[in-house]
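Remarks on the structure that follows.
These numbers come from a predicted model, not from an experiment. The chains referred to below are lettered A, B, ... by the order of the sequence lines, with proteins before strands, and numbering in each begins at 1.
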There are 2 protein chains.
Amino acid sequence: MAYRKTPAEIRRLEAVREHLITCATSVVAEVGWSQASVTAVADSAGIAAGSVYQHFPSKAALAVEVFRRAAGREVDVLGEVLNGPGSPVERLSHGIEVFARRALENRGLAYALLAAPAEPAVGAERLDFRRRYRALFAEVVREGMAAGLLPSQNGEITAAALTGAIGEVLVDPLGAPAESTTDELLAELTAMALRCAGAPAT
Amino acid sequence: MAYRKTPAEIRRLEAVREHLITCATSVVAEVGWSQASVTAVADSAGIAAGSVYQHFPSKAALAVEVFRRAAGREVDVLGEVLNGPGSPVERLSHGIEVFARRALENRGLAYALLAAPAEPAVGAERLDFRRRYRALFAEVVREGMAAGLLPSQNGEITAAALTGAIGEVLVDPLGAPAESTTDELLAELTAMALRCAGAPAT
DNA sequence: GGAAACTCTGAATGATGGTTCACTTCTTTC
DNA sequence: GAAAGAAGTGAACCATCATTCAGAGTTTCC
């Protein structure tokens, strides 16, 4: 026995891996998936292209990890709000506002997560996360119906519609330069979502 | 002067071009953009790969033409209904039903137009057509507001939301095998859309 | 210090798939 | 029928990147 990774070495490698993921996320947020070559990502992290393969078996695996980390944060935040305190309708409204505000504050990343062209592996991951958003919304809609706050409806379909509607509304502003009327956009978006779920006008 | 295309020859060439577009559309509907290689498309049309370049300067140009033709038909049909007879709310409901029914009847193509991963040129075209859908919906929403049938709202945002919502609701069933409950889906979808625009419950 | 085991490097490799082109085949005109 | 010009062919070409790998540099442990 002549070599055994010391704890410090293990930590260093882990840190490099994390740094790589962080840098890759930045690159993707800036130039999109299609322009985020292994070389570009490695350069951004200050390592050689070949070294990427010490941490990930393939570019796709790295891309999936980048997507999962970033999208996972959003699902977590949204779930936190949607399952938090307040009436179902309040939670829905607040959840959408928080989601949209976060997206508008990090447009590049949001666009990458929501809509930017990506390799198949990332596309599959995106579908999976859309399903999670749907599930979160569907649960709130069901609770709203149970509480008599929302009219009878197919919660799954409304949830899918909310997911698509929010994405579409955000994507166009995401492509455009900084929107001066963020607040109006958020107000209209949440109002639309409440109508979509059938919440009575305030 | 020793050669000059005869009218019949011009027609023949035009027919070949049309046939190529038709076959390319079928291939895309069946296997998606990413699998629709020049060779596959040419094979399907019964010509050599090189011959494609007698009709289009690049694969991207052919892909864009395929997209425009197919998406243009849908925009036309939707516009026809949305600008047809009836109250704004009726037109909106009917338009969405027609759009969704057509999509469900040609799932492969609908998926290709709405969501399938595609090269940048097609992606740009997709954005453009989404804007057209939005414009059509926005006009109906405005008319509904003017007629006092819909509450005050930002028509552009509602239109974007409708576009995204319909796409999202359809895409999942589009991926799944034939839905036995098409009618229920259509009913829920139109009901959701009317709520989204703020039409009073029937 | 030195052998063993590992990490890092970046140029070479390889796969993919759009595009080109020398050549063949077909059309037109005289 | 023959020359001129165009369309059709498909194998070769080429550009793009992800991936590999032989060698250089580091770390570990005796």
Side-chain angles (χ1 to χ4, degrees), chain A residues 1-21 23-24 27-28 31-67 116-123, chain B residues 1-21 23-24 27-28 31-67 116-123:
Chain A
M1 152 223 349
Y3 187 96
R4 176 177 264 253
K5 280 179 200 167
T6 203
E9 184 68 358
I10 290 176
R11 252 182 284 117
R12 186 186 67 82
L13 286 174
E14 183 55 27
V16 169
R17 189 187 139 101
E18 292 300 313
H19 182 234
L20 176 56
I21 294 172
C23 291
V27 171
V28 166
V31 301
W33 300 100
S34 55
Q35 303 286 330
S37 66
V38 172
T39 305
V41 167
D43 282 357
S44 141
I47 63 177
S51 301
V52 169
Y53 293 83
Q54 301 229 327
H55 303 284
F56 295 94
S58 69
K59 178 192 174 164
L62 169 56
V64 164
E65 183 69 23
V66 165
F67 189 96
E119 59 211 297
V122 170
Chain B
M1 135 198 34
Y3 185 97
R4 177 178 265 249
K5 279 180 201 167
T6 204
E9 184 66 1
I10 291 175
R11 252 183 283 116
R12 185 186 68 80
L13 285 174
E14 184 53 29
V16 170
R17 189 187 138 101
E18 292 300 315
H19 182 233
L20 177 56
I21 295 170
C23 290
V27 172
V28 167
V31 302
W33 300 99
S34 55
Q35 303 287 329
S37 66
V38 171
T39 305
V41 168
D43 282 356
S44 141
I47 64 177
S51 302
V52 169
Y53 292 83
Q54 302 232 327
H55 303 283
F56 295 93
S58 68
K59 178 192 173 162
L62 169 56
V64 164
E65 184 67 24
V66 165
F67 189 96
E119 58 209 297
V122 170

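Listed for the B/Lys59 side chain is a donor-acceptor partner under 3.5 Å among the backbone atoms of B/Ala36.
In this structure, CD1 of A/Ile47 is placed 14 Å from C1' of D/dT19, rounded to the nearest angstrom. Regarding B/Gln35, its CD atom lies at a distance of 15 Å from the C1' atom of C/dG18, rounded to whole Å. The CG-P distance, from B/Leu20 to D/dG8, rounds to 11 Å in whole Å. Taking atom CH2 of residue B/Trp33 and atom P of nucleotide C/dG17, one finds them 17 Å apart after rounding to whole Å.
For the pair B/Arg12 and B/Glu9, the salt-bridge criterion is met [side-chain N within less than 4.0 Å of a carboxylate O].
If you check C/dC8, C/dG18, D/dT19 against the side chain of B/Val38, the one that comes closest is C/dG18. Nearest to the side-chain atoms of B/Arg4 among the listed nucleotides D/dT9, C/dT29, D/dT28 stands C/dT29.
Heavy-atom nearest nucleotides on DNA chain C were determined for B/Pro7 and for B/Thr39, and the one closer to the 5' end corresponds to B/Thr39.
For A/Arg12, a side-chain nitrogen or oxygen approaches OP1 or OP2 of C/dC8 to under 4.0 Å. The phosphate of C/dT7 (OP1 or OP2) has a side-chain N or O of A/Lys5 nearer than 4.0 angstrom.
Annotation: side chain to side chain donor-acceptor pair (under 3.5 Å) contacts involving residues 35-53 of chain B, sequence neighbours excluded, are absent.
A heavy atom closer than 4.0 Å to some atom of DNA chain C occurs in A/Ala48, A/Gly50, A/Ser51, A/Gln54, these being the qualifying members of residues 48-61 of chain A.
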